[in-house]
Amino acid sequence: MKYRSTRGKVNGIPFSEAVMMGLADDGGLLLPESIPLLSATELQQMADLSYPQLALRVLSHYIDDIPQAELKELIDRSYATFLHPEVTPVMHKDGLFILELFHGPTLAFKDIALQLLGNLFEYMLAKTGSHMNIIGATSGDTGSAAIYGVRGKKGVNIFILHPKGKVSPIQEMQMTTVTDPNVFNIAVEGTFDDAQAIVKEIFGDLDYKQKHALGAVNSINWARVLAQVVYYFYAFFQVQKTTGCSEVEFSVPTGNFGDIFAGYVAKQMGLPIKKLILATNGNNILSRFVNSGDYSAAKVNHSLSPSMDIQVASNFERYLFYLYEGNSARICAAMETFKKEGVLPVSAEELSQAQQIFSAASITDAETLATIGEFAFSTGYILDPHTAVGVQAGKRVGSGDCPLICLATAHPAKFGEAVYAACGEDPELPSAFQGIDQLEKRLETLPADITVIKDYVTRYALS
Ligand SMILES: *Cc1c(COP(=O)(O)O)cnc(C)c1O
């Protein structure tokens with residue numbers, strides 16, 4: 001399988017190059033040249049596979065430049081770090097199915113992609129005898145999942161900036177108690193926006209970027225999307241076994257459109273998904289698009305589901321590429337229009353096509369709290385605020401004529417304050433995390449000053 005960019009100027013590159021490139025060199029997003037359609041026989045053969053076996057099966061359709069035995073070893077190692085033997089188990093509660101994606105080392109679904117990505121980076125860097133310095137800014141989830149993805153890996157150093165005192169205590173502890181010598185936590189004396197602006201400016205210095213082999217781990221990397229395709233298959237087979245259903249719907253708490261785009265890929269591969277339900281919080285650019293074609297950016301408001309607080313969804317261009325029938329010139333023009341006028345041109349017919357695949361709903365913070373409270377009351381099961389957004393959207397716009405699978409993207413203990421406000425209970429931390437507050441911490445506190453931060457990175461970067 002070869003890869004190409006949505007913008008049309010990068011073509012015919014192998015998987016490993018696509019992974020190392022991240023964002024395509026022409027500013028677009030990388031996609032496989034085709035999405036393989038699986039036969040009914042192959043789907044049947046997949047139904048009883050374990051999670052890592054299934055991952056190998058799905059990924060092999062997209063990766064032909066890593067020998068099978070080595071790919072298998074990378075996958076096995078990536079999912080051995082999960083705290084549940086099934087990796088992504090499915091629970092049946094209150095008439096719906098909850099797909100638990102939070103059993104990885106940082107208790108959020110990003111681990112599923114980043115555990116694999118870390119191993120892929122290490123493998124590819126070793127092959128080429130090169131190294132990489134990852135820099136990123138985080139408001140919480142992505143940074144810690146990235147740190148756990150590459151901790152202790154050879155050929156990679158990682159520098160993660162977080163706003164000092166402005167991430168949740170559990171998120172701060174998760175990051176700063178990782179004391180592997182290749183991990184550098186920087187607490188920036190400023191806001192998340194300050195930290196992000198510094199990272200952007202560092203990447204904008206192309207000489208510096210090249211000299212220090214800078215890399216990113218943001219959600220536009222194709223390998224991240226690919227890793228997430230697997231659990232749509234896994235969940236479908238589990239639910240099919242208990243219900244005998246011939247199709248399902250998924251409700252997906254959505255921010256940057258990476259997770260739900262993986263569901264779209266699974267559907268294009270022939271997995272019988274009736275609808276993908278796109279669930280947003282009050283930052284609802286994507287649900288507005290699905291419901292009325294209005295893709296116009298608004299100001300970001302902080303919500304109880306912070307990992308979905310986005311203005312522009314970085315993976316949406318991937319779906320748009322298919323909606324525009326692979327017309328790169330139109331993608332380039334649309335992105336230009338969006339930049340200038342803040343709106344995306346789609347025809348009525350294209351909108352109706354999108355509506356055949358997606359349903360959408362936007363859920364307020366008050367509705368999120370009510371959902372957590374009601375669900376805990378009726379089932380005893382505690383939802384995290386992101387998952388609650390998905391559950392509520394699923395109840396509201398699900399078709400009701402096939403099983404509904406709601407993606408649980410974070411463990412409730414990560415967002416204990418909101419959960420407590422909703423149902424008066426403090427969710428218990430999994431045993432692997434108890435005592436985390438006693439562990440040694442390693443971090444550097446620096447001012448929000450690009451010169452100081454660049455000096456620090458220069459001093460500790462691999463070269
Ligand atoms: C990142 C994240 C999301 C949103 O996923 P996207 O791929 O950005 O749409 C939802 N929930 C949690 C807990 C997350 O960390």
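We use all heavy atoms of the structure for the numbers below, so side chains are in, but hydrogens, waters and symmetry mates are not. Read the numbers this way: they start at 1 and go in the same order the structure lists the ligands and their atoms.
The salt bridge (charged side-chain N to carboxylate O under 4.0 Å, His left out) check on Asp25 picks up nothing, with sequence neighbours excluded.
Not one N or O on the side chain of Glu428 forms a donor-acceptor pair closer than 3.5 Å with the backbone of Ala413. Between the side chain of Ser328 and the backbone N or O of Thr6 there is at least one donor-acceptor pair closer than 3.5 Å. Side-chain N or O atoms of Asn157 include none that pairs as donor or acceptor with a backbone N or O of Asn133 at under 3.5 Å.
Taking the six-membered ring for Trp and the full ring otherwise, the centers of Phe338 and Tyr295 sit less than 6.0 Å from each other.
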Ligand 1: which protein N/O atoms lie under 3.5 Å from its N/O atoms?
unit_1, atom_1, unit_2, atom_2, d
ligand 1, 7 (O), Gly258, N, 3.2
ligand 1, 7 (O), Asp259, N, 2.9
ligand 1, 8 (O), Asn256, N, 2.7
ligand 1, 9 (O), Gly255, N, 2.8
ligand 1, 9 (O), Asn256, N, 3.1
ligand 1, 9 (O), Phe257, N, 3.1
ligand 1, 11 (N), Thr409, OG1, 2.9
ligand 1, 15 (O), Lys110, NZ, 2.5
ligand 1, 15 (O), Asp141, OD2, 2.9

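Tested against Lys414 for a side chain to side chain donor-acceptor pair (under 3.5 Å), the candidates Asp141, Asp384, Thr409 yield a single pass: Asp141.
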